[in-house]
Each structure stands twice: as C-alpha cells, then as structure tokens.
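Down below is the structure, laid out as structure tokens.
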Amino acid sequence: MSHPNPLVRFGRSSAALPAFDAIRPEDVVEGVRTAVEDHAQAMAACRAMPGDPALLAHKEAADLALEQSWGLVGHLLSVSNSPALRAAHAEAQAIVDAHLAAIGQDKVLHAAMAQIPTEGLASASRRALALALQQFELSGVALEGEAASQFSARWMELSRLSTAFSNAVLDATEAWKLHVTDAETLRGIPEAARAGMAAAAEQAELPGWLVTLHAPSFLAVMSHGEDRDLRRQVYAAFGTRASDQGPNAGQFDNSATMREILRLRAAQALALGFEDPVAQSLATKMAPDADTVETFLLRLARLAREKAEADLGDLRAHAAEHLGIETLEPWDIAFVTERLRQARHALDSAEIRAHLPLAKVLEALFGVVGELFDVEVREVTGTALWHPDARHFELHRRGATDGDRPIAALFADMFARDGKRGGAWMNTCRAYQQGGAIWPIAYLVTNFAPPAPGAVATVNHDEMVTLFHEMGHVLHHLLSAVEVPSVSGISGVEWDAVELPSQFLENFAWEPAVLKAASAHVETGAPLPDALIERMLGARHFQLAPLLLRQVEFALFDLRLHRAAGGPNAPDPQAILEAVRDEVALVRPPAWHRFAHAFSHIFAGGYAAGYYSYLWAELLSSDAYAAFEEAPLADRPALGARFRNEVLSPGGSRPAIENFVAFRGREPSETALLEAWGIAA
C-alpha cells in the first residue's frame with residue numbers, strides 16, 4: 001500500500017530504495033506513528049492464529065516493516081544529526097519503545113507462537129521461532145502486574161538514556177576546537193592533515209587552522225604533532241569528553257547517565273532472575289558464563305604481558321635517547337610509536353597514505369570480494385542520498401545470465417564531518433526477501449579525512465584495514481540467502497561471533513598482491529614498492545602486545561562493571577576501571593582522564609557486557625583465515641565459496657559455532673589468534 005510518508009512507504013513496500021532526500025525531521029513522528037499502528041494491527045492478526053505455522057511468517061514480515069521504517073531514522077540521526085532531527089527522533093523513540101515493550105510482554109501473542117509445532121518447520125524457521133520465544137522471556141513476558149509495568153518503563157528509559165549518552169559524546173566532540181595561527185604549532189603533522197585543518201578553519205571563517213576532536217584531526221596530532229603541549233591539550237580534551245573533567249567539564253557530563261544506565265540494567269537482570277547484567281547478556285551469546293570470559297581475557301593478558309613490557313621499554317628508550325622525552329606520558333605514546341616505527345622499519349605512515357588513494361583501495365577491496373565470493377561491485381550514480389559524500393553501490397553476480405539484475409546494494413558514507421557520529425560501523429537497511437527479488441541493502445560508514453579542495457582522498461593503512469573490516473560485516477548481511485528476516489545476515493547471530501566475517505576480511509588488506517592493487521601514488525601513480533610492502537609486513541606485529549592489553553583492559557572493565565551492577569550498590573565506573581588497570585595496564589592515564597564517559601560501545605551500542613566479543617570472535621576469524629594461508633592460491637575461489645556458503649549465507653539461521661565447524665571442519669584453535677597478535681602460547 002502506497003503512503004505519502006517516505007518512512008511508511010519504505011516499510012510497507014521495500015522493493016524501492018529509501019527516499020533519503022524526501023525524509024524531513026517533520027516526517028519522522030507521523031511516519032513512525034503510522035508504522036507502529038501498522039505493526040499493532042499485524043500483531044492483532046497474529047494473536048488470532050495460535051499454533052498456525054503461518055503466524056511466524058506474518059510476524060516476521062510485520063517486524064521487518066517496522067524495523068526498516070524506524071531504521072531509516074536511526075541511520076539519519078547517526079550521519080546527519082541536527083537539533084530538529086534529534087527532537088523528532090526522541091519523540092518517535094518513545095512511541096516505538098512503548099509499543100515494543102508492550103509486544104514483548106504480550107502473553108497472548110507469546111502463547112500463540114509457543115503453540116506452533118516445530119516438526120514441520122524448516123531449520124531457519126525453527127531457529128527463528130526459538131530465538132523469538134527466548135526474546136519474549138528476556139522482554140519480561142513472564143512478569144505480572146507492577147513488575148511487568150516497571151520492567152517496560154525501565155526498558156524505555158534505557159533506550160532513551162542510550163541515545164542521550166551518544167548525543168552527549170557527539171556534542172562534546174564538536175564543542176572543543178583549537179584555533180591555531182602559528183604554523184610552527186603544527187610542525188610534523190602531514191600536509192594532508194594540515195590541509196584538512198585549514199579547510200575546517202576556512203569553513204568557520206577563521207584564518208590559519210582548526211584542530212578538532214574528529215578522528216582525522218585528533219589522530220594526526222597524536223601521531224605526528226611534534227609540539228608536545230599541543231598533544232597534551234588534544235589528549236586532555238579528547239580523554240575528558242562528556243565528563244566532569246577537562247576544558248568543557250560538566251557541560252555534557254555523562255556521569256549521571258552512566259549511573260542510571262547501570263542501575264536500570266541491574267534491575268532488569270534481577271527482574272528476569274539473572275544474577276547480574278552479564279548473565280543476562282550471555283544468555284544470547286556463545287560464551288557460557290562470565291567466569292569463562294574472564295579466564296579467556298586474563299589468559300590473553302598473561303600471554304601478552306612480557307612482550308608488551310618489552311615493547312613499552314622500547315618506546316621509553318627511544319623517547320629518551322632520540323626525542324628528548326625523559327618521562328613517557330600517555331599523550332606521547334602514539335607520537336613516539338610512529339617515530340620508532342620510522343626508525344626501526346623505515347616506515348612513514350604519510351608516505352604509505354600517499355600511495356593509498358581511496359578510489360584505488362575500494363577497487364582492490366571489491367577485487368578481493370569478487371575473487372572470494374564471485375560478485376561484482378558497481379557504483380550507481382544519480383541516487384538521491386542524505387549527503388553529497390554518500391555513495392551507492394550494487395552487487396551483481398559475476399557472469400550472471402539472469403538479466404544482470406543486482407543481488408544486493410550498499411550505501412557508503414566515508415568522510416568525517418560535523419553532525420556525524422564518530423567511528424566506523426555497518427548497519428542494515430533492508431533484508432533479503434522474496435527469494436532475492438527484493439535484494440538486501442547495508443550501510444557502510446567511516447570517518448576518514450575528507451580530501452582538500454582539488455586533492456585526491458587518501459587513507460592510511462589502518463583505515464584501509466578498517467574499510468575491509470566493515471565490508472566483512474556488509475557481506476555477512478548482503479550475501480545471506482535466508483528468507484526468514486530475524487535470522488538472515490547478521491540478524492540472530494550471537495554477538496560474540498558477529499565480528500567473525502569482519503575480522504576475517506581484514507587479513508586480506510595485508511596481502512602483498514592486495515596492497516599492490518590498492519596503491520597508486522597520488523603524484524606518480526606508482527604502486528607501493530616491494531621493499532616498502534616487505535617493511536610493512538615486517539612491522540605488522542610492531543607494538544601490538546600493548547594494544548592487546550588495552551583491548552583486554554576495555555573488555556575486563558565492561559565485564560566487571562556489569563557484574564558489579566548486580567550488587568546492592570551502584571558501581572563506580574572510575575573505581576572499577578582503575579582496579580582493572582592495576583591488574584593489566586602498562587600505562588596509566590592521569591587521574592582526570594575519563595575514558596568511560598565516551599565508551600559508546602557499552603553505553604550506547606550493542607556491546608554492553610559483551611565488549612569481550614571482539615577478542616572472542618577473533619579466535620574464530622584468525623583460524624578461518626588460516627585456512628586460506630594454508631591452501632594454494634588456486635584453491636582460494638573454492639575456499640571463498642565455502643566460506644560464503646557455510647558462514648555468510650546461513651547468517652543467524654544456525655548457531656555460529658556450527659557455521660564455523662562446517663567451514664573449517666573442526667573446532668577453532670587459538671594458535672592463529674596468538675600468531676595474529678605476535679605472541680606465543
């Protein structure tokens with residue numbers, strides 16, 4: 001049924017592309033309210049179908065329509081945040097959350113689904129039904145009276161607070177800017193980064209340069225800025241965002257939001273009979289319990305400790321001997337690391353960046369995707385999107401004879417700007433439907449430095465790896481062939497396995513042939529020289545052990561914070577973080593540092609009580625890639641086809657460990673994980 005509101009139109013009939021250019025803030029509340037009313041009517045019909053196997057398909061279709069309408073709003077908030085859109089999102093979020101809370105506790109609907117006989121269902125539908133019934137339980141369907149009402153109210157408030165946390169981080173990031181008029185202050189910073197700072201100043205109608213906390217500017221200063229005081233200022237501003245400390249102390253403070261989020265998560269877990277939010281989180285993950293996760297993390301910390309201490313000793317020695325830095329401070333580490341990398345491996349990240357134009361990197365990425373998974377990626381021009389930087393790509397089967405119609409599509413948005421959330425991520429836009437007649441769509445978002453006027457966009461190698469990582473997530477969604485939306489692509493995949501395809505694809509960004517294909521110097525067009533590639537590979541494990549300890553630190557902090565949230569007193573995030581650092585950290589930030597206040601992964605993302613997932617999934621991804629390392633090049637297309645068929649295509653339609661074993665032929669081994677981090681068992 002057609003509808004004038006673009007949000008409703010896309011939800012009801014998602015065969016067409018979303019009309020991003022037609023979605024205005026004033027459309028949001030009306031569109032979401034209509035989408036919710038549609039969903040409510042569909043749920044009423046579902047209640048009248050107890051035990052009917054067709055009920056599952058009816059509910060799946062209705063859930064998908066609401067998800068796709070509401071998903072457009074969430075996407076636009078993350079890439080085009082504005083006061084008007086933020087206000088509309090907040091009002092619409094309350095409508096959606098109230099409705100979903102009621103559906104989650106709908107006993108009649110739950111009973112109707114619980115009566116569906118499983119023996120006649122296809123395997124994907126059986127898993128979808130099992131996960132749906134589990135979700136009812138986790139939504140408090142068994143609760144009665146006041147307990148049920150309180151559970152719903154807390155769930156809605158948690159949703160609101162999560163958005164508030166994210167908004168505060170964005171506001172704090174954009175509130176701090178340093179106007180620089182003396183070029184000497186920026187000495188050491190590559191020309192491309194200084195050009196971006198000059199463009200930011202020009203946009204603000206200021207002379208000179210503008211240093212910001214957006215990733216391209218922040219990373220350029222921390223890695224290359226020779227002015228130590230500049231590094232300290234930027235480090236302090238970044239490390240105290242949205243907190244009670246730093247240059248904007250108290251202005252966007254997330255302290256109370258964090259406390260309330262933890263309090264509410266604890267209450268929700270206890271209401272469902274779990275010991276703490278960690279136990280609730282792990283109910284839907286691969287890891288069996290919190291002790292298993294903690295043992296896994298502490299083992300990695302022990303294995304990395306000796307190498308990490310040696311790496312830090314190298315930094316301190318180089319800083320003192322060659323850079324005049326007697327006491328290595330946190331704001332020195334990225335800078336000294338870069339200088340030591342140059343000294344030890346003759347690697348200059350600015351030189352590598354000049355060899356990696358974004359267009360060429362995308363060409364190489366799409367080449368890898370084509371070789372492994374037998375698809376061709378083509379750009380489509382003229383599509384109306386949310387920003388001039390956004391791009392539209394289609395995936396086609398290579399050598400297809402079916403009229404060459406697309407099998408999937410991708411919307412990409414790659415450059416940092418005001419109003420756009422920091423970081424890099426993938427999200428879903430549309431699911432695989434009707435046997436592929438409606439093809440899936442994903443978003444791929446990064447925050448690379450935009451090119452200076454008249455210049456070519458380039459990336460450093462870390463950013464190239466990030467692009468491959470996010471494309472792995474994208475392919476997990478786009479190459480699914482599962483008809484049931486709730487277990488198609490990344491949907492239904494255990495969160496501690498969802499990083500498997502993304503981390504797997506990262507490895508190809510290190511292969512010499514791919515680096516050659518991805519490179520063409522911006523001035524000469526020459527690819528990366530063989531000698532430089534060899535030095536890059538020789539430095540692949542350079543200073544990795546301290547980074548592994550940092551990942552363990554973040555994961556342990558998240559785990560212990562949420563375990564403590566099950567106790568009688570609200571946990572103090574800073575105290576728990578300091579205790580974790582006592583145990584595993586090599587470098588201590590100053591007492592005023594407030595990392596947790598901008599830790600959006602756990603306070604505004606999907607990684608609450610689950611940040612360990614990155615390392616847990618890397619056990620799988622490293623071992624999966626090892627299959628490609630062990631095989632002759634001629635076998636790669638067949639291996640890629642097997643990875644697609646056994647991991648990407650099934651998506652969440654069977655447990656992740658079954659997907660892995662079907663691909664690898666055995667349970668995962670930790671050997672490849674340790675090798676990937678440059679440490680030994």
Side-chain angles (χ1 to χ4, degrees), residues 361-378 393-402 404 406-410 426 432 436 439-440 442 444 464-482 488-490 493 497-518 617-654 656-666 668-669 672-673 676:
V361 171
L362 283 171
E363 183 183 316
L365 170 60
F366 297 156
V368 170
V369 170
E371 177 196 355
L372 293 179
F373 307 123
D374 204 31
V375 294
E376 180 184 351
V377 184
R378 305 174 193 166
F393 299 90
E394 288 180 347
L395 276 67
H396 295 254
R397 287 188 182 88
R398 293 205 298 189
T401 58
D402 57 355
D404 198 32
I407 61 168
L410 165 64
M426 166 269 176
Y432 176 92
W439 58 84
L444 191 163
M464 176 177 167
V465 172
T466 295
L467 196 56
F468 275 62
H469 177 103
E470 298 306 334
M471 190 65 182
H473 284 308
V474 165
L475 294 171
H476 202 179
H477 178 64
L478 297 188
L479 297 184
S480 180
V482 176
S488 178
I490 64 171
V493 177
V498 80
E499 298 293 335
L500 163 57
S502 55
Q503 293 170 337
F504 162 79
L505 203 64
E506 282 182 27
N507 292 285
F508 293 89
W510 284 95
E511 295 191 346
V514 176
L515 286 166
K516 280 283 188 185
E618 196 168 358
L619 177 70
L620 306 176
S621 65
S622 301
D623 199 6
Y625 177 69
F628 287 78
E629 292 183 297
E630 295 160 4
L633 283 175
D635 292 351
R636 282 199 160 186
L639 269 177
R642 194 161 90 224
F643 189 83
R644 174 176 176 168
N645 293 336
E646 302 295 359
V647 176
L648 301 179
S649 181
S653 67
R654 62 186 181 190
I657 191 62
E658 291 184 17
N659 290 348
F660 178 88
V661 171
F663 168 70
R664 202 66 168 102
R666 58 165 173 75
S669 161
L673 171 65

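Along the sequence shown, residues are numbered consecutively beginning with 1. Since this is a predicted model, take the numbers as computed values, not measurements.
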Considering non-hydrogen atoms only, spot the tightest contact between L639 and A627 and give its length. CD1-O, 3.5 Å

Can you check whether L478 reaches W439 side chain to side chain, under 4.5 Å on heavy atoms? no

E371: which residues meet the salt bridge (charged side-chain N to carboxylate O under 4.0 Å, His left out) condition with it, sequence neighbours left out? none

Heavy-atom check, side chain of S488 versus side chain of S480, under 4.5 Å: yes

Here the pair of heavy atoms bringing P668 nearest to L620 is CG-CD2, 3.6 Å

Measuring only between side-chain heavy atoms, which start at C-beta, is L648 closer than 4.5 Å to P501? yes

Counting C-beta onward and ignoring hydrogens, is there a side-chain heavy-atom pair between L505 and L365 closer than 4.5 Å? yes

Sorted by chain and residue number, the side-chain contact (heavy atoms from CB on, under 4.5 Å) partners of P637 (sequence neighbours excluded) come out as none

Those residues at least two apart in sequence (or on a different chain) that pass salt bridge (charged side-chain N to carboxylate O under 4.0 Å, His left out) with E646 are R654

Heavy-atom closest pair, residues H473 and I490: O-CG2, 4.1 Å

If we ignore hydrogens and angles and just use 3.5 Å, is the side chain of D374 paired with the main-chain N or O of R397 as donor and acceptor? no

If you measure only the distance, is there a donor-acceptor pair under 3.5 Å linking the side chains of E618 and S621? no

Donor-acceptor contact below 3.5 Å, side chain S502 vs main chain E499: yes

Going from CG on N645 to CG on N659, what distance comes out if it is rounded to the nearest 0.5 angstrom? 11.5 Å

Taking only residues two or more places apart in sequence or in another chain, which ones pass salt bridge (charged side-chain N to carboxylate O under 4.0 Å, His left out) with R664? D623, E630

Kindly compute the distance separating CD (E376) from CZ (R398), expressed to the nearest 0.5 Å. 8.0 Å

Residues in side-chain contact (heavy atoms from CB on, under 4.5 Å) with E506, at least two apart? V465, H469, Q503

Quick one: list whatever passes salt bridge (charged side-chain N to carboxylate O under 4.0 Å, His left out) with E363, sequence neighbours left out. K360

List for me each residue that meets side-chain contact (heavy atoms from CB on, under 4.5 Å) alongside A624, sequence neighbours excluded, and say none if there are none. L500, F504, F643, F660, F663

After noting the C-alpha distance and the side-chain angles of E394 and V377, does the key distance pass the side-chain contact (heavy atoms from CB on, under 4.5 Å) rule? CA-CA 6 Å; E394 288 180 347; V377 184; over 6 Å; no

Over all atoms of both residues, closest heavy-atom pair of V361 and M464: CG1-CG, 3.7 Å

Please determine if D404 and R378 form a salt bridge, counting it only when a charged side-chain N lies under 4.0 Å from a carboxylate O. yes

Heavy-atom pair with the smallest gap, counting every atom of A517 and A364: C-CB, 3.8 Å

Going by salt bridge (Lys or Arg N to Asp or Glu O under 4.0 Å), name the pairs with one or both residues in residues 635-644, residues two or more places apart or in two chains. E511-R636

Please report the closest heavy-atom contact between I407 and P440, naming both atoms and the distance. O-CD, 3.3 Å

So CZ of F468 and CG of L475: to nearest 0.5 Å the spacing works out to 11.0 Å

L410/M471 under side-chain contact (heavy atoms from CB on, under 4.5 Å): CA gap, chis, key distance, verdict: CA-CA 10 Å; L410 165 64; M471 190 65 182; 4.1 Å; yes

Between CG on residue L444 and CE on residue M426, distance to nearest 0.5 Å: 8.5 Å

Tell me every residue that passes ring-ring contact (aromatic ring centres under 6.0 Å, His included) with W510, counting only those two or more places apart in sequence or in another chain. H461

Atom pair CZ/OH of F508 and Y625 - distance to nearest 0.5 Å: 5.5 Å

Mind checking what makes side-chain contact (heavy atoms from CB on, under 4.5 Å) contact with S653, not counting sequence neighbours? A124, V482, V487, P650

